[in-house]
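So that the names make sense, note that chain A is the first sequence line, chain B the second, and so on, each numbered from 1. Heavy atoms only: backbone and side chains are in, while hydrogens, waters and symmetry mates are out.
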2 protein chains.
Amino acid sequence: MNLTTAEENYLKAIYHLSEGGSKSVSTNDIAGEMKTKPASVSDMLRKLSDKEVIEYRKYYGVHITEEGKKRALQTIRKHRLWEVFLVDKLNFAWDEVHEVAEELEHIQSPLLIQRLDAYLNYPKFDPHGDPIPDEYGDVRARPRVPLNEMDLDQTGQIVAVKDSSAAFLRYLDKVGAYIGARIKILDRVEFDGSLEILVDNKKNIFMSKDVAGNILVIQS
Amino acid sequence: MNLTTAEENYLKAIYHLSEGGSKSVSTNDIAGEMKTKPASVSDMLRKLSDKEVIEYRKYYGVHITEEGKKRALQTIRKHRLWEVFLVDKLNFAWDEVHEVAEELEHIQSPLLIQRLDAYLNYPKFDPHGDPIPDEYGDVRARPRVPLNEMDLDQTGQIVAVKDSSAAFLRYLDKVGAYIGARIKILDRVEFDGSLEILVDNKKNIFMSKDVAGNILVIQS
DNA sequence: TATTATTTTTAGCTATATCTAATTTAATTT
DNA sequence: AAATTAAATTAGATATAGCTAAAAATAATA
C-alpha cells in the first residue's frame, strides 16, 4: 500500500511526536505540528488507520504501528540523506537545507536513494548531527549528551546543536566547534559552570554553561 | 503566479507538441501526450489560460505565450540538469533517468538549481544530447542532423539517439558510438546507403542507413 | 448544401486534502 | 453527580485533478 505525500508527512510527524513510536499522540498535537486544523487530522487518521500504519481509537489518540514506524524511518532516511547532499556537495549551509529536503524526501525511487547513499559515502549523521536510519529503518544512534553534562577529562565528538540561529552558528564557526569536531573537557569553573575545552587537539576555548548546553556530543 | 505540478506537466507537453511554441496544439494531441482524456484537458486549458501561459480559443486549439514558453523552458532546464546529475554523479544509465527526473523537475528552489548547475560544471547538453536552456530560457543549440544525412569526409560529434531501446544502446556500446564520440564519414555504399565511419580517430565501423538515421550528430 | 463524422466542451461524479461550524465525547471542576 | 470546559469528530464546503456520458461545435463528405 502506497502513501501519498500528505500521508507521509503526517506519519513522519506522528513518529516524531511519539518519540520513535513509544508515546500515544493526540489529534491536537498533530494539528499543531502539521499546521493544519484538528478536523483535517481526524480525516487523515482514518486514512492512515485504513492503511494500517497507525492504530487509531477515536477520542483516544493514535499509536504508530511497526509498519508505520518503518515507513516513517524511510522518509526520515531520505530527508537526511538529501540534507547531506545539499551541504556536502552543493555547499548549502546546514540551516538552509530543511525546506528543500522536505520536498526531495518524497521522490519515489529506491534506486536513487541507494545510489545517493553510496555517492555520499554512507553517511551516518545528517548536517544537524541527527542519525540516518539504514535501508531497513535501523538507527544505530549512540546516546547524545549536552556538552555541559560531560565529566572532566572526558573526550567526545560534536554531533548536533539545539540552537541553530545564525548568531549561534557564527560563534561555533569562530571557535572551530563545528559538527564533527573532537573535543575534550579540560576544566570546569564551579562558580558558573563554564568550561575550558580542547578542540581537535589543537585549540583551547572557553565556553559558558549556556552555550555548552546547546551543543550535543557523543562520548568516546 | 505559481503553477502546480500538473500544470507544469501540461505546459511542458504543450511546449513540446508546438515544437517550441510555433505551432498551435489540439486538445486531443495534448490528451494523447499526457495520457489523460480530452475532457480533462479542456479543464486544464481553462486554468492555464487564466494564468496567461497559453492563449486559448475554444474549439481552435492553443498557442503557448512568451511567459508560458519561459516557464516550460525552466521546467525542461531542471529536468535535464537532474538527468546529468543522475548519469554523471550517480551512475545511472542514460535510459534509466527519465522517470526520476520527471519527479525531480518539480522541486521548487531556484537556489538548488543554481547550485546544481555549478556543481555539474554548467553542462550544455543532457545525457540524451538535448540542449539545456540557461536560467533565462535561452537555448544555444547547434543544429543536429541524422548521421545518414552527412556528406562524405565530413566530421562531427554524436550528441543524441532517437531510438533508445536496450538493444540499440548495446549495439552502440559495442561499436563505441556513444554520446560524445567524434566521427568521420569515410565511405557511403550508394546501393543501400550504408556507411563506413571512423570513430574517435581510431576505429573503423560499418553501419546500415537505418541505424545511422537514429543517431544525431553536430557537424564540425 | 445537407448529412455524417470527428473533435471539443460541458455537466455531473469521484478522490484527495484542506477548511469552518456544529456536534459529540471525554475530562475537569465545582 | 452535575455542570462546565476542552478535545475530537462529523457534516458540509472548497479547490485540484481526474473520469464518463451527453451535448455542442467544427470539419469532412456525399
**Study point:** d(OH, A:Y56; P, D:dA7) in whole Å
**Key:** 16 Å
Revision key, fill the gap. Protein-proximity profile, nucleotides 15-21 of chain D, B/S/- by nucleotide at the 4.0 Å heavy-atom cutoff, equals -SBSBBB
Practice item. Report yes or no: does B:R80 contribute a side-chain atom to a donor-acceptor pair with the main-chain N or O of B:P131 at less than 3.5 Å? Key: yes
**Study point:** Residues which pass side-chain contact (heavy atoms from CB on, under 4.5 Å) with A:E103, listed by chain and number, not counting sequence neighbours
**Key:** B:I107, B:Q108
Review point. Taking CG from A:D29 and P from D:dA7, how many angstroms apart are they, rounded to a whole number?
Key: 10 Å
**Study point:** Residues forming a side chain to side chain donor-acceptor pair (under 3.5 Å) with B:R144, sequence neighbours excluded
**Key:** B:D130
Point to revise | Partner residues of A:H79 under the ring-ring contact (aromatic ring centres under 6.0 Å, His included) criterion, sequence neighbours left out | key: A:H98
Practice item. Could you tell me whether A:S42 contacts a base, only the sugar-phosphate backbone, or nothing, with contacts defined as non-hydrogen atoms closer than 4.0 Å? Key: base
Review point. Can you tell me how far C1' of C:dT8 sits from CD1 of B:I30, to the nearest Å?
Key: 11 Å
Practice item. Please check the phosphate of C:dT7 (OP1 and OP2 only) for any side-chain N or O of B:S26 closer than 4.0 Å. Key: no
Point to revise | All side-chain contact (heavy atoms from CB on, under 4.5 Å) counterparts of A:Q219, not counting sequence neighbours | key: A:V145, A:M150, A:Q154
Check your understanding: Along nucleotides 22-29 of chain C, 5' to 3', which nucleotides get a B, which get an S, and which get a -, given that the test is a protein heavy-atom distance under 4.0 Å?
Key -> --BSS---
Practice item. Identify, with sequence neighbours excluded, every residue that meets side-chain contact (heavy atoms from CB on, under 4.5 Å) alongside B:D29. Key: B:L17, B:V25, B:S26
Practice item. List in chain and number order the residues that pass ring-ring contact (aromatic ring centres under 6.0 Å, His included) with B:F85, two or more places apart in sequence or in another chain; answer none if no residue qualifies. Key: A:F85, B:W82
Check your understanding: Has A:N28 got a side-chain N or O lying under 4.0 Å from the OP1 or OP2 atom of D:dA6?
Key -> no
Check your understanding: Looking at residues at least two apart in the chain, or sitting in another chain, which of them share a side-chain contact (heavy atoms from CB on, under 4.5 Å) with A:R170?
Key -> A:A166, A:A167
**Study point:** Atom pair distance, as rounded to whole Å: CD in A:E8 and P in C:dA17
**Key:** 11 Å
